[in-house]
Amino acid sequence: MDLQFSAEERAFQRDVREFLESELTPELKRAVSLTPTVFVEKDIADEWHARLNRRGWLAPLWPKQYGGAEWTPVQQFIYESEAARAGAPTTIPMGVRMVGPVIIRFGSEAQKACYLPRILSGEDTWCQGYSEPGSGSDLASLKTRAEPEGEDYLVNGTKLWTTHAHYANWIFCLVRTSSEGRPQAGISFLLIDMNSPGISVTPIRSLSGDHEVNQVFFDNVRVPQANRIGDEGQGWTCAKFLLEHERGGVFSHRLMAMVQELRRLMIDTPDGEATLLEDARLRERLAALEVRVLSLEITEMRVLSKLRAGDPPGAESSMLKVEWSELQQALTELAMDIAGPYAQFFEPGRPLYALAGHTLGDERLARIPPDYLNTRAASIFAGTNEIQRNIIARLTLGA
Amino acid sequence: MDLQFSAEERAFQRDVREFLESELTPELKRAVSLTPTVFVEKDIADEWHARLNRRGWLAPLWPKQYGGAEWTPVQQFIYESEAARAGAPTTIPMGVRMVGPVIIRFGSEAQKACYLPRILSGEDTWCQGYSEPGSGSDLASLKTRAEPEGEDYLVNGTKLWTTHAHYANWIFCLVRTSSEGRPQAGISFLLIDMNSPGISVTPIRSLSGDHEVNQVFFDNVRVPQANRIGDEGQGWTCAKFLLEHERGGVFSHRLMAMVQELRRLMIDTPDGEATLLEDARLRERLAALEVRVLSLEITEMRVLSKLRAGDPPGAESSMLKVEWSELQQALTELAMDIAGPYAQFFEPGRPLYALAGHTLGDERLARIPPDYLNTRAASIFAGTNEIQRNIIARLTLGA
Amino acid sequence: MDFSLTEEQRLLQESVQRFVQDSYSFEQRRAIMANPEGFSREVWSQFAEMGWLALPFDEADGGLGGGPVDTLVMLEALGEGLVVEPLVATVLLAGRALAQAGDDTQKAEWLAALMEGRLLAALAVYERRGRHAPDWVETRAARVGDSWRLDGSKSAVLHGACADLLLVSARTAGSPEEPKGISLFAIPADTPGVSRTPWQTIDGLQACELTLEAVKLPGEALVGEQDDGLWQVETVLDEAAAALCAEAVGAMSALTRITADYLRQRKQFGQPLAAFQVLQHRMADMSMETERARSLAILAALYARSEDTATRERAVSAAKFQAGRSGRFVGQQAVQLHGGIGISDELSVGHYFKRLTALDARLGSADWHLTRFAARPVAVAG
Amino acid sequence: MDFSLTEEQRLLQESVQRFVQDSYSFEQRRAIMANPEGFSREVWSQFAEMGWLALPFDEADGGLGGGPVDTLVMLEALGEGLVVEPLVATVLLAGRALAQAGDDTQKAEWLAALMEGRLLAALAVYERRGRHAPDWVETRAARVGDSWRLDGSKSAVLHGACADLLLVSARTAGSPEEPKGISLFAIPADTPGVSRTPWQTIDGLQACELTLEAVKLPGEALVGEQDDGLWQVETVLDEAAAALCAEAVGAMSALTRITADYLRQRKQFGQPLAAFQVLQHRMADMSMETERARSLAILAALYARSEDTATRERAVSAAKFQAGRSGRFVGQQAVQLHGGIGISDELSVGHYFKRLTALDARLGSADWHLTRFAARPVAVAG
């Protein structure tokens, strides 16, 4: 057992550091540190994607033939660790990490040739159409229909919680092409041009006043059947593949960056004649969370190790989901207690990094409440933590 | 709204204080403070029962005609509050609070004349035969059979977790007299002389090395049918009556006494050049629990008020159960952290108040680990807290 | 020992509940918040007409002579409606401070107008370095001949930006954190040297940062005894904090009920969410947290004007601590149980969550009150 | 980055697991504990034969040259068996202290005997006032000509009563809590002036309170540098604390598995307990707590002998803190999910619970380690 990287891995780590040193501008860093939403805004994302793409690193897991980097799990771990430490933006996953791998795995050559380069170039911006009103955790009950008409489908229905639909020119959807048999069996995976007639997008403002998600309506939207990935009824398989493709995951370093940020905030926050860092209760509350983040880092490494050895991760991917989401929530909650009376402060302007002056002087305070409010979503999206615990229990109880 | 007592109630409070002043000997107080089990030992209980009985207070809720005190809910509250503050023993409930009320409510005149006086005099010691192996929370599934034979029943089966069965000369049992219909419908309530041939008692030692509960075996035990309370099949009704009879309840004052005890322990426990009371984390952990105890006290008063007004307490009795049990557990857990390295200390001698010297000098330390271990039972007995939360949810969700 | 309401209290409760039901639905509230001021002057007049602005003031001062229990009844019912009007700031903070510390002239000048809804006022006692502690006062007031000169700044002044009158604590002697040497001043908001940076709160109220630069006031601006204002401030803050606990209980009750309704309605995997045991237990815990907070809100109301300071502080701190903790749990779980729509701004659930979050940050957080509670143990007998 | 075991480690793991399975069932353990000494000398000889007593010592000292990861493997497997033999006290505490600080003569005299199972030893470093802190040393050692005179008392000495040799920290200079001025002494247990008050631990181990009254020792009784013993003590305590984390993880795994088996088996209301969602989620949480503790036990083992003190202390304190918290949760919930029989002494579940409880109280509690961890933040960049 050891935590050492090999010589090659250390060389890669140096490359990543150099890259970040030269490409991560102070503006990008500041934008990241003032982003209370799950994903950074489109302008920040576009700029960062372009920089990553120039280096060949935008699609770490794609095969080289499609412009990917084909990183090993350890390389991913190293990149994520360095990027988090440096405060780099995360990439927006809908193109690179979601629809991309599905096209690579299930798409035709024509589809690959058409879509993959445009994801990398930034020409296309994707959004994901899974959830619907009334089918959140129970995805198989989705109702959006795609009915064949000639060489097309006519799509009717609506998708909910569609992140960045207001930016996207493409959406990948799970749609119902049949209502026979098991509900899962009638689902297909469809790519839809957001500029198609009949599509409308309604913004959904979050608690915190952020606009990140939307509802998308499909009213007799005509979509070529050629835009279907895989066969009819193979949508559930695509969705499951995507879920498994996302197993593992490296969240601990972003969380550790939050821990360090909170410590800095405690150092900078006066409390009478001392600062909050001198408050043993807050200091140890942070320490207890830091311990869990350290633990998560090792668990992530253990899962990567298993994946590298070809073993299935089992209950661990659900555990990782529960752990990072609950840690994120606990950290933003602690931030609220650090903010004290300013935990009630609401800055309506968006994006925060575009604001010139800050009411409270310290611009970091503007992020704390929306961060806390938005982070409540972490235990809801990507499979609620209740669903994750069901899965963990099933795998540990064998029940 | 006010928390004041009426003039009469204040007079009663003075009576209680006088009684405790004169009857609560230092030996009894010390025995209580060194009791890690749910109930005090029989010698302590017997002495205290006798003193209460001389004052006419042993059976606070029985009608006066049977030797009871007929206290109002507020009087009960006052007695419990003063008794807890003074550190008096609790009474053992199996006779006075459990079988007694059932006999009064469902028993024949002959049964009342036979059993009630002997409960008060201490001639009879009762234990309760409800739980069985395999039927804990699901009481209706009990299997102990009572089959008629002439004027008797032949009882076969076994009862588990029978507190003080090793002291008792009588046991009241739920037994199955029929296996037709709903499982609840075939249950009868039977009084059994523990000296009957065919009864054997096996001690069950708890985690902490205490002997408080037992398993009782019935092997063709002959019990007169005249010992049945109520009709055949009315056992479930008796059990439910008992449960409802116990609604309300006053636990907060005992818990507040624990809070004070822990504060004293913190004051007396050195930590380098200071004492543990100067440790802000421990001090505030105790404070947070004290707040909940205060809250519980008001909730108890509110429930008593409702009961006095004739309103059913609803979900509150389950809430009280969950609250006092979890508070008790949290307080004993804090005690372990106060004990520090001595949290691992095990004193095998019992009862603790009968031991002469104490290994660690401070005899209070001997109680802490068994108290912590035994208190785990609080969330299990009298309806597990899972069952209680089911009930609360049913009443609040209407589900 | 009695937990029932008087006939008057029941009527008050009904009238507030009826108002919330009829005039303060989620949609009506949204319209009210769209006002430039962030609240409705019309609603404010209604409050005045119904006598709510006069509730906690002595009859001798023209008030209705209500006590903290009456306030509890009113605030609990208003808590269900998530009102955004400056009731706490004007009536319970500034108004009570005036009523308690002001002389007859001051009361005559301001209190009547306040009760009639013609004067908005705010209490500015917190400072940035002191966080939740009212005894941390760096703002200075110096006697200059017959008048006063004030310099300094105050933080998180609730409804400070719309206030006509500001009641400000300043140090006339001593150094920050010293209890002695704090005095209260009444400052018309248009006094030269007063500047306010307004901000919104996450739950739809207004607040401001306040700066005082060479603010010149007449001698009569002093409210109460010179150097002896801290206990006045603390008394007022405690009574108002007790009221916030009641408001939180109202919000928690409503939220628990709304969540229960949702769980019964909404189906997943072929059954209502209410059928899932884990969600049932979560609801049970939400109810228990609400009851915990409710019992202590009652305790706080009963002792909010107690003359025994330690008793008052223990009761209020216990209640405010528990309201903070319970409110956090109930709010978070209500959002969680609603799933995605719990995060959106378009349902009331998120707004209750935000109100509960903000209430914790106001008039002393749970942490702050726990520390104060722990510092005031009852005497240990034996 | 590699989390696999070496071939040797796998063999060690298998042999310990086999031993636990064959020779340390719950019933066998009960019989072992009935020994007057509370453990089995026979088992102890087996440990010696299998080389386990020699595992963590350098080959130069006659040991097997194992490191903390080997110890982790051994202790995790022993943790499933709830062993009561004085392995931690003799090998990991006293033995490692001797191996690390002792000179060749001292090692020759005691270490070989210890590895062969002929010598039991204990480390006496804690004192009552100092609780979990090894730097609180009031016990005094004074030089008297060629010899030493020790006076003072030590608390909670694990397996101190059966030890032939006691390694004791005493102050040769300075005052309590000063890091400088602490020295280690080897004291044969039969030295006049040594008195021991034995006690049992809740998890079946033995301990004692130790009093030293005018204990006269030869000059060679000093182990390591005079006045500079604290870092030796702390190093040894940290390596042993890391091992306790592994032991806790073994106990948690076993307990989680046993509880899962029980829930599948036991029926209530017509279905297995495992069908109730609330109990399912409790199991999920138990598994997660176990994994949390496991990851950090690995981290602690990897850094237990790190030369960078802060890195070592951070890793060990993180692990011991988490082991304490997780162990408490897993133990409590295992008992709860078992219902009544969880409280009885007759099932293994309660004994795992007690072991986990005791492990937290040993070599620094969760609270103590959290405080130490918080005091050693990594440098904040930027």
K.L.:
Which atoms form the tightest heavy-atom contact between Leu302(C) and Met1(B), and what is the distance?
P.N.:
CD2-O, 3.3 Å
K.L.:
Specify the closest pair of heavy atoms between Ala374(C) and Ala287(B), including all atoms of both residues, with the distance to one decimal.
P.N.:
CB-CB, 3.6 Å
K.L.:
Are Arg314(C) and Leu294(B) close enough, and set up right, to give a side-chain contact (heavy atoms from CB on, under 4.5 Å), and what steps lead you there?
P.N.:
CA-CA 10 Å; Arg314(C) 267 176 65 84; Leu294(B) 271 180; 4.0 Å; yes
K.L.:
Measuring from atom CE of Met288(C) to atom CG of Leu320(B), what distance do you get when rounded to the nearest 0.5 angstrom?
P.N.:
10.5 Å
K.L.:
So, for Thr396(B) and Ser287(C), which heavy atoms are closest and what is the spacing to 0.1 Å?
P.N.:
CG2-OG, 3.2 Å
K.L.:
To check you understand the geometry: which heavy-atom pair defines the closest contact between Ala288(B) and Leu370(C), and what is its length?
P.N.:
N-CD1, 3.5 Å
K.L.:
Between CZ of Arg294(C) and CD1 of Ile298(B), what distance do you get to the nearest 0.5 Å?
P.N.:
13.5 Å
K.L.:
Does the side-chain contact (heavy atoms from CB on, under 4.5 Å) test come out yes or no for Val378(C) and Gln260(B), once each step is laid out?
P.N.:
CA-CA 9 Å; Val378(C) 290; Gln260(B) 304 295 24; 3.0 Å; yes
K.L.:
Report which part of Thr371(C) has an atom under 4.5 Å of a heavy atom belonging to chain B: side chain, backbone, both, or neither.
P.N.:
both
K.L.:
Counting neighbours of CD on Glu14(C) that are heavy atoms of other residues, nucleotides or ligands and sit closer than 6.0 Å, is the number greater than 12?
P.N.:
yes
K.L.:
Does the side chain of Gln277(C) come within less than 4.5 Å of Arg389(B)'s, by heavy atoms?
P.N.:
no
K.L.:
Quick check on Arg325(C) against chain B: is it the side chain, the backbone, both or neither that has a heavy atom closer than 4.5 Å?
P.N.:
neither
K.L.:
Considering non-hydrogen atoms only, spot the tightest contact between Glu291(C) and Ser295(B) and give its length.
P.N.:
O-OG, 4.5 Å
K.L.:
Name the option with the most non-hydrogen atom pairs under 4.5 Å to chain C; the candidates are Gln388(B), Arg292(B), Arg283(B), Glu297(B).
P.N.:
Arg292(B)
K.L.:
Measuring heavy-atom distances to chain C, does Val259(B) have an atom under 4.5 Å in its side chain, in its backbone, in both, or in neither?
P.N.:
neither
K.L.:
Considering non-hydrogen atoms only, spot the tightest contact between Met1(C) and Ser305(B) and give its length.
P.N.:
O-OG, 4.4 Å
K.L.:
Heavy-atom distances under 4.5 Å only: say whether Arg308(B) touches chain C with side chain, backbone, both or neither.
P.N.:
side chain
K.L.:
Measure the spacing between CZ of Phe373(C) and CG of Leu286(B) and express it to the nearest 0.5 Å.
P.N.:
9.0 Å
K.L.:
Would you mind reporting whether His281(C) and Asn390(B) have side-chain heavy atoms less than 4.5 Å apart?
P.N.:
yes
K.L.:
Which one wins on heavy-atom pair count under 4.5 Å against chain B: Leu279(C), Leu299(C), Thr259(C)?
P.N.:
Leu299(C)
K.L.:
Just to be sure I understand the criterion: a residue of residues 2-28 of chain B counts if one of its heavy atoms is under 4.5 Å from a heavy atom of chain C. Which ones qualify?
P.N.:
Asp2(B), Leu3(B), Gln4(B), Phe5(B)
K.L.:
Heavy-atom distance under 4.5 Å to chain B: side chain of Phe3(C), backbone, both or neither?
P.N.:
both
K.L.:
Could you check if a side-chain atom of Ile298(C) sits within less than 4.5 angstrom of a side-chain atom of Arg302(B), using non-hydrogen atoms only?
P.N.:
yes
K.L.:
Report the option among Ala284(C), Ala375(C), Ser295(C) that has the most heavy-atom pairs separated by less than 4.5 Å from atoms of chain B.
P.N.:
Ser295(C)
K.L.:
Out of curiosity, Met283(C) CE to Arg394(B) CZ, how far, rounded to the nearest 0.5 Å?
P.N.:
14.5 Å
K.L.:
Heavy-atom distance under 4.5 Å to chain B: side chain of Tyr303(C), backbone, both or neither?
P.N.:
side chain
K.L.:
Within the supplied structure, the quantity of interest is the number of heavy atoms (other residues, nucleotides, ligands) at a distance under 6.0 Å from Gln21(C) CD; does it exceed 12?
P.N.:
no
